[in-house]
Amino acid sequence: IALLQDLPEAAPQAPEVATGPALLPEAPIEGPVAVLLPLDTRLQAVAQAVLDGVQTQQQGDSGAAISLQVYSSRDGDDIAALYQRAVAEGARAVIGPLRKEDVTALVQNLALPVRTLALNNAEPAVHAANLYVLSLDPADEIEAAQAMAWNAGLRRAAILYPRDAWGARMFELMRDAWQARGGTIGASQGYEAQARDYTESVRGALEVAAGEARSARISRLIGAPVAF
């Protein structure tokens, strides 16, 4: 909410990345904020987490609570029509959509009359006034993390990933992006998606058990303990 209030109205004719209040002039929102999220789809958990975060920041700089209007989208919904409905019902700013295809459909089919903080990138990139992007796309997070590691001089990586379809996709993205930079993958290890303790996964990726076995064999051969 605070970031959205700091976005200027009538943004330049290009998508902007919302990087923080200090970098943008203040332009307080006078009126309700619409939140467009896919709360009735397979992304419900992610959408609800986003909504929870927005609601925790609902109080504006003046101390008064900002009015939120929540609009839930379903698969196949006309996102442009839902956006127009939100604006017609008084929204002075919009947070969302979340899904890449919804952001793309919105900016390709509609001029945005109010400040809009999209939660993903359009594909391909499009120009639109009043459009700002705070991407929650994992691919963008992977790129940012890898850029930081690469700039720190790291070239060899280990990858831990959840053992499900989404995790497999993230593993492929991480592996391919790192190797495209010229880095190498030294190890990789999956873990159960609902896991909370990653000790065994880390041990597996680092082949700790194999190292312990080698240490034990050497100890038996020399008849003395070997520090591992």
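These values consider heavy atoms only, across backbone and side chains, with no hydrogens, waters or symmetry-generated copies. Numbers here simply count residues along the sequence, with the first being 1.
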key: Trace of the side chain to side chain contact (heavy atoms under 4.5 Å, CB included) decision for E101 with T104   = CA-CA 5 Å; E101 59 268 29; T104 302; 5.5 Å; no

inquiry  = Side chains of E89 and Y71 only: does a donor on one sit below 3.5 Å from an acceptor on the other?
reply    = yes

ask   = When you look at CD of Q48, are more than 12 heavy atoms from neighbouring residues, nucleotides or ligands closer to it than 6.0 Å?
value = yes

Rounded distance [0.5 Å steps], CE in M170 versus CG in D164 = 10.0 Å

task = Examine the side chains of Q44 and D40 and answer whether a donor and an acceptor come within less than 3.5 Å of each other.
result = no

W150 side chain vs G183 backbone, donor-acceptor pair below 3.5 Å = no

query = In terms of hydrophobic clusters joined by side-chain contacts under 4.5 Å, are W166 and V46 together?
reply = no

key: hydrophobic_cluster_shared for V54 and L39, side chain cutoff 4.5 Å   = yes

task = Quick one: closest heavy-atom pair of A91 and V114, and the distance?
result = O-CG1, 3.9 Å

R92/V33 under side chain to side chain contact (heavy atoms under 4.5 Å, CB included): CA gap, chis, key distance, verdict = CA-CA 6 Å; R92 299 300 301 273; V33 174; over 6 Å; no

message = Before you tell me yes or no, could you show the steps for V35 and V50 under side chain to side chain contact (heavy atoms under 4.5 Å, CB included), namely the whole-Å CA-CA distance, both residues' side-chain angles and the distance that decides it to 0.1 Å?
response = CA-CA 10 Å; V35 184; V50 172; 5.7 Å; no

query = Are Y191 and I159 connected, step by step, through hydrophobic side chains (Ile, Leu, Val, Met, Phe, Trp, Tyr) whose heavy atoms are closer than 4.5 Å?
reply = no

Within one Ile-Leu-Val-Met-Phe-Trp-Tyr cluster: V70 and V103, side-chain cutoff 4.5 Å = no

inquiry  = Please find the pair of heavy atoms, one from A139 and one from L173, that lie closest to each other, and give the distance.
reply    = CB-CD1, 4.3 Å

task = Could you tell me which non-hydrogen atom of A86 sits nearest to which non-hydrogen atom of Q69, and how far apart they are?
result = O-OE1, 4.0 Å

key: Value rounded to 0.5 Å, distance of OH in Y132 from CG in L117   = 10.0 Å

task = Kindly indicate, with the supporting measurements, whether the criterion side chain to side chain contact (heavy atoms under 4.5 Å, CB included) is fulfilled by L37 and I95.
result = CA-CA 8 Å; L37 292 170; I95 298 174; 6.0 Å; no

task = Measure the spacing between CG of L82 and CZ of R74 and express it to the nearest 0.5 Å.
result = 9.5 Å

task = Heavy atoms only: give me the nearest P113-V87 pair and the separation to one decimal.
result = CG-CG1, 4.1 Å

ask   = Would you say L112 and V94 are hydrophobically clustered, going by side-chain heavy atoms of ILVMFWY under 4.5 Å?
value = yes

query = Between R163 (side chain) and G190 (backbone), is there a donor-acceptor pair under 3.5 Å?
reply = yes

ask   = Between W178 (side chain) and T184 (backbone), is there a donor-acceptor pair under 3.5 Å?
value = yes

task = Kindly indicate whether the side chain of Q55, heavy atoms from C-beta on, has any atom under 4.5 Å from the side chain of L68.
result = yes

query = So how far is it from S73 OG to I79 CD1, rounded to the nearest 0.5 Å?
reply = 4.5 Å

query = Can you tell me how far CG of D176 sits from CZ of R181, rounded to the nearest 0.5 angstrom?
reply = 13.0 Å

A80 versus L110, closest heavy-atom pair with distance = O-CD2, 3.9 Å

inquiry  = Salt bridge or not between R99 and D75? Use side-chain N to carboxylate O under 4.0 Å.
reply    = yes

task = Working to the nearest 0.5 Å, report the span between CG of D102 and CG of N120.
result = 9.5 Å

remark   = When every non-hydrogen atom of D77 is compared with those of S72, the smallest separation belongs to OD2-O, 4.2 Å

